[in-house]
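Read through the structure below, which is laid out as structure tokens, and then see the notes.
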Amino acid sequence: QVQLVESGGGLVQAGGSLTLSCAASGLTSSNYAMGWFRRAPGKEREFVAAISWTGRLTDYADSVKGRFTVSRDNAKNTGNLQMQSLNPEDTAVYYCARKWVSRNSDNYYIAENEYEYWGQGPQVTVSS
């Protein structure tokens, strides 16, 4: 059974940085694309960032481009979302997600319904 455990959420002042980590267990291989999503208070869950299973391809929502960096370490079955220059609009519950893909398919995915496994969603709060 695949489980995703996230860590690194918390409270930070505007302009600050946080790094979220997503550790996976129960994987039988490393060919899982990974995505990050968030749900702000009163809003729908939205795409934040995605990375292909090899790590070669990434994509970001326009709202975080240039401030957030997604990465992964397949040897450790972990993924990170480095968040810089945070502002109060980044306040949300953040979720990591994984999708099994063929080793021949080095793509990223931005639609949440593509993903099979989800983390528990740590809270990130940015104070002004």
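Index from 1, following the sequence.
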Rounded to the nearest 0.5 Å, what's the gap from [atom1] on [X] to [atom2] on [Y]? Could you check?
X      : Y     : atom1 : atom2 : value
Met34  : Thr58 : CE    : OG1   : 13.0 Å
Thr125 : Leu11 : OG1   : CG    : 6.0 Å
Ser105 : Lys99 : OG    : NZ    : 8.0 Å

For atom [atom1] of [X], decide whether the heavy atoms of other residues, nucleotides or ligands shown that lie under 6.0 angstrom number more than 12.
X      : atom1 : result
Arg103 : CZ    : yes
Phe68  : CZ    : yes
Lys43  : NZ    : no
Glu116 : CD    : yes

**Item:** Aromatic Trp118 / basic Arg45 pairing, under 6.0 angstrom, 45° off normal
**Value:**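 So Arg45 does make the cation-pi contact.
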What I'd like to find out is whether the side chain of [X] reaches to under 4.5 Å of the side chain of [Y], using heavy atoms alone.
X      : Y      : answer
Phe47  : Phe37  : yes
Met83  : Tyr94  : yes
Glu44  : Glu112 : no
Asp106 : Arg56  : yes

Closest approach of [X] to [Y] (non-hydrogen atoms, all atoms of both residues):
X      : Y     : answer
Ala14  : Pro88 : CB-CD, 4.2 Å
Leu81  : Ala49 : CD1-CB, 4.0 Å
Leu27  : Ala24 : CD1-CB, 3.5 Å
Gly8   : Leu18 : O-CD2, 3.8 Å
Gly121 : Val93 : O-CG1, 3.2 Å

Could you check whether any side-chain N or O of [X] sits under 3.5 Å from a backbone N or O of [Y], counting only pairs where one atom can act as donor and the other as acceptor?
X      : Y      : result
Ser52  : Leu57  : yes
Tyr115 : Tyr109 : yes
Arg67  : Ser85  : yes
Gln120 : Glu6   : yes
Thr91  : Val126 : yes

**Message:** Tyr32 vs Trp53, test: side-chain contact (heavy atoms from CB on, under 4.5 Å). Steps then yes/no.
**Reply:** CA-CA 5 Å; Tyr32 285 79; Trp53 81 267; 5.6 Å; no
**Prompt:** What side chain to side chain donor-acceptor pair (under 3.5 Å) pairs are there with at least one residue in residues 12-29, not counting sequence neighbours?
**Reply:**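 Output for this query lists Ser21-Asn80, Ser29-Asn31.
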**Request:** Could you point out which residue of Val48, Val70, Ile51, Ile110 forms a side chain to side chain contact (heavy atoms under 4.5 Å, CB included) with Tyr60?
**Result:**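 The single option meeting the side chain to side chain contact (heavy atoms under 4.5 Å, CB included) with Tyr60 is Val70.
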**Asked** Do Glu46 and Arg38 meet the salt-bridge criterion of a basic N to acidic O distance under 4.0 Å?
**Response**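 Counted as a salt bridge, because a side-chain N and a carboxylate O are separated by less than 4.0 Å.
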**Request:** Indicate if Leu4 and Trp100 have the same hydrophobic cluster label, given that clusters are the connected sets of ILVMFWY residues with side-chain heavy-atom separations under 4.5 angstrom.
**Result:**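 Yes.
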